[in-house]
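Convention: sequence-line order gives letters A, B, ...; per-chain numbering from 1.
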Amino acid sequence: MTTNQNASRPFDLLSDSIGKPVLVELKGGFSFRGVLKAFDVHMNIVMENAESWENGSPKTKYGKIILRGDNILLISP
Amino acid sequence: MTTNQNASRPFDLLSDSIGKPVLVELKGGFSFRGVLKAFDVHMNIVMENAESWENGSPKTKYGKIILRGDNILLISP
Amino acid sequence: MTTNQNASRPFDLLSDSIGKPVLVELKGGFSFRGVLKAFDVHMNIVMENAESWENGSPKTKYGKIILRGDNILLISP
Amino acid sequence: MTTNQNASRPFDLLSDSIGKPVLVELKGGFSFRGVLKAFDVHMNIVMENAESWENGSPKTKYGKIILRGDNILLISP
Amino acid sequence: MTTNQNASRPFDLLSDSIGKPVLVELKGGFSFRGVLKAFDVHMNIVMENAESWENGSPKTKYGKIILRGDNILLISP
Amino acid sequence: MTTNQNASRPFDLLSDSIGKPVLVELKGGFSFRGVLKAFDVHMNIVMENAESWENGSPKTKYGKIILRGDNILLISP
Amino acid sequence: MTTNQNASRPFDLLSDSIGKPVLVELKGGFSFRGVLKAFDVHMNIVMENAESWENGSPKTKYGKIILRGDNILLISP
């Protein structure tokens, strides 16, 4: 395989974002903001101080959450 | 693989939550509250004293339930 | 892997429920009640005296059925 | 794995039903009746004298059909 | 595995149908008629003189087509 | 495995179509026309001079595109 | 396997596009424009200066984003 061509693959960018705030947009149209704590190979992620957002405004505050990777559309550090 | 970078991966957080109350939100928009008893690698989970919630109010009481992992959006300890 | 942390994993709970009545809720919103006879690793299950339920009332009586696991939302013993 | 606990697993029930009439309900809400001739590990099945049913009445007669397993909700012998 | 119990498994029926006209119904509700030329393990199939059908009447004529297997509901020789 | 029974399997037909114009219909109902340049085992394909079509008329011109295989309904050389 | 027949397979085209602007159209109907920075075997991609587009006009500016591959319809360099 020659598909991982440089030092900044998708999971490397996730690694670099641990401990930092991220935006996670889901397939269903809403999103979460919080601090990225951890992730695994399925892109399941752990966030702290997570807050769901809908139509541009915060909706629900959570403490820690595990988001299943298969719901995720994008992650922006 | 270097994707599991710290001591608190998603499944570790689940392990730490066994025996404690958790909120499980499903893809379809409703959710379950109960005590996390067990889980497996597919994120199938066993809950006790489980109760389904819809639009902010409890809907149905269950005893023990097995929730299939592929329906899950998030788990919050 | 350290994800199966205790004696009552999801499939163990299924094993303990063989021969007993269970409620199976499906993704499409309706459900089945019957006696759990068997299951496999895909969570395909065999039920006896199965009856489908919709909106809180019984709908169709079946004898034995095989339910494909990928339709299942939850199983409650 | 200790998940196949008894002599009547889902695929065993299918084996026992070969040569007999079965009802196959699909995810989309309609169903097929016919004689089960064969199946494979994906639950793809071959039926003879198959007839599709919709809203409780027969719709289309087929000879032999192969039904892809991933469309199946339940099979009742 | 003891799930392939007889000489006429689903893929055997496909093999026997090569060179013959088949009806392929898709999940989306429409269908194709044509001569089956080939298939693979994903149930991707090659048809010749293929014609799409919708609501009981022919719609579009194609020459050769490759149909992806994951769209298929049933194949009737 | 005895499922690939002849010289013209689905991926062989794709190989024969490299460098030639193809029609690719997608699950969502619209389609692409262009010259097939390459493909891989997931049926991801590269097209050149690609043009999207909707309801029988061209919609958007692209140069080269990569189409993910899991969106594809059929390919017609 | 003889399915990768030439020097310009889908992932090779992605490799050649690193550092260049790309258009990524998603299954849900909207799209992203930005500079391709990296990708992996799941077609998860990293973009820089990413901007989402809807109905022909830019919608939201992002810095870096990770787009999950399973949402992608097409990528055009």
In Å, rounded to the nearest 0.5 Å, how long is the span from CG of B/Leu13 to CD1 of A/Ile45?
12.0 Å

Would you name the heavy atoms of A/Leu67 and B/Leu74 that are closest together and state the gap between them?
CD2-CB, 3.8 Å

Nearest 0.5 Å please: distance from the NE2 atom of A/His42 over to the NE2 atom of B/His42.
9.5 Å

Where do A/Gly63 and B/Ser76 come nearest, in terms of heavy atoms and distance?
N-OG, 4.5 Å

Under a 4.0 Å threshold between the charged nitrogen and the carboxylate oxygen, would A/Asp70 count as salt-bridged to B/Lys27?
yes

So do the side chains of A/Leu26 and B/Leu73 get within less than 4.5 Å of each other, counting heavy atoms only?
yes

Report yes if some heavy atom in the side chain of A/Ile66 is under 4.5 Å from a heavy atom in the side chain of B/Met43; otherwise report no.
yes

Restricting to non-hydrogen atoms, name the atom on A/Lys64 and the atom on B/Pro77 that form the minimum distance, rounded to 0.1 Å.
O-CD, 3.2 Å

With a 3.5 Å distance limit and no angle check, can you tell me whether A/Asn44 reaches the backbone of B/Arg9 through a side-chain donor-acceptor pair?
no

Hey, what do you get for OG1 (A/Thr60) to CD (B/Glu25), rounding to the nearest 0.5 Å?
7.0 Å

